Amino acid sequence: GAGVSQSPSNKVTEKGKDVELRCDPISGHTALYWYRQRLGQGLEFLIYFQGNSAPDKSGLPSDRFSAERTGESVSTLTIQRTQQEDSAVYLCASSLAPARTNYGYTFGSGTRLTVV
Amino acid sequence: SQQGEEDPQALSIQEGENATMNCSYKTSINNLQWYRQNSGRGLVHLILIRSNEREKHSGRLRVTLDTSKKSSSLLITASRAADTASYFCATDGGTSGSRLTFGEGTQLTVNP
């Protein structure tokens, strides 16, 4: 597609429920990233996918968080047993290649998650 | 910890004035990038400067990079109310870098 698409745009969930967030990157972009942004703060790295390589999961805050990507297409971020501290905007970005190769990211509009 | 740190955290100016935001980082880089964010949603890529470049221009934007001081600045000239947004710098972590690390951002307000 023309841009990075994320769904849902907004999600309100009850504490303890599981949620699944979706990201559809730009076609041909081999790199896909998930970040979390709490209100008024910077972006916190969560996970990175590059082609068919093993993902870099070093930013996932707990084992309640997991993510998958099918080949070089759609990715889903799953948060199990949500907690109030999980409330944030979850941003997905894709890129033609890893950051060191001098390509910028294209971001989606994010999913605003509110855990009540 | 954040690789990039922006300064100031907030900046308020009048339309027509120039806005300067600074970014410091800690490790080696291949490139440094600046992004803009409106209303807490998706970021938009503004400009990328490579580690062997010292200055780059794009329209009303001017970015400088000083690798000896590990710092960069973003200058927006002749600012407009529509420039009101948060601005983030991001660094790639050098030759082994695979992802960008973002700073906390500068909130710019341009008053009409």
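Note that the coordinates shown come from a computational prediction; the quantities given were computed from them, not determined experimentally. Naming: A, B, ... by sequence-line order, numbering from 1 per chain.
- At a threshold of 4.5 Å between side-chain heavy atoms, the hydrophobic network of Ile, Leu, Val, Met, Phe, Trp and Tyr places A:V4 and A:L32 in two separate groups.
- For a residue to count as touching a neighbouring chain, one of its non-hydrogen atoms must lie under 4.5 Å from one of that chain's; by this rule A:Q37 touches chain B with the side chain only.
- Looking at A:T111, the atoms closer than 4.5 Å to chain B (heavy atoms on both sides) all sit in the backbone: N, CA, C or O.
- Between atom CG of residue B:N31 and atom OH of residue A:Y103 there is a gap of 12.0 Å, rounded to the nearest 0.5 Å.
- Only the backbone of B:S39 comes within contact range of chain A, with at least one heavy atom under 4.5 Å from a heavy atom of that chain.
- Looking at B:Q37, only its side chain comes within 4.5 Å of chain A, counting heavy atoms on both sides.
- Residues passing the side chain to side chain donor-acceptor pair (under 3.5 Å) test with B:T64 are B:S73, sequence neighbours excluded.
- Heavy-atom neighbours of B:E17 CD from other residues, nucleotides or ligands within 6.0 Å: above the threshold of 12.
- Applying the disulfide bond (SG atoms under 2.5 Å apart) test to every pair with at least one member in residues 42-83 of chain A, sequence neighbours left out, gives no pairs at all.
- Atom CD of B:Q14 is surrounded by more than 12 heavy atoms from other residues, nucleotides or ligands within 6.0 Å.
- With sequence neighbours excluded, the residues that form a side chain to side chain donor-acceptor pair (under 3.5 Å) with B:R41 are A:N10.
- Rounded to the nearest 0.5 angstrom, B:R99 CZ and A:Y105 OH are separated by 8.0 Å.
- Surrounding CD of A:E68 are at most 12 heavy atoms belonging to other residues, nucleotides or ligands under 6.0 Å away.
- Nearest heavy-atom pair, B:N30 versus A:N102, reported as atom, atom and distance to 0.1 Å: O-OD1, 3.8 Å.
- Using a 4.5 Å cut-off between non-hydrogen atoms, the part of residues 53-62 of chain A that approaches chain B consists of A:D56, A:S58.
- Note on B:L74: it clusters hydrophobically with B:I29, by side-chain heavy-atom contacts below 4.5 Å among ILVMFWY residues.
- A 6.0 Å sphere centred on CZ of A:R64 holds more than 12 heavy atoms belonging to other residues, nucleotides or ligands.
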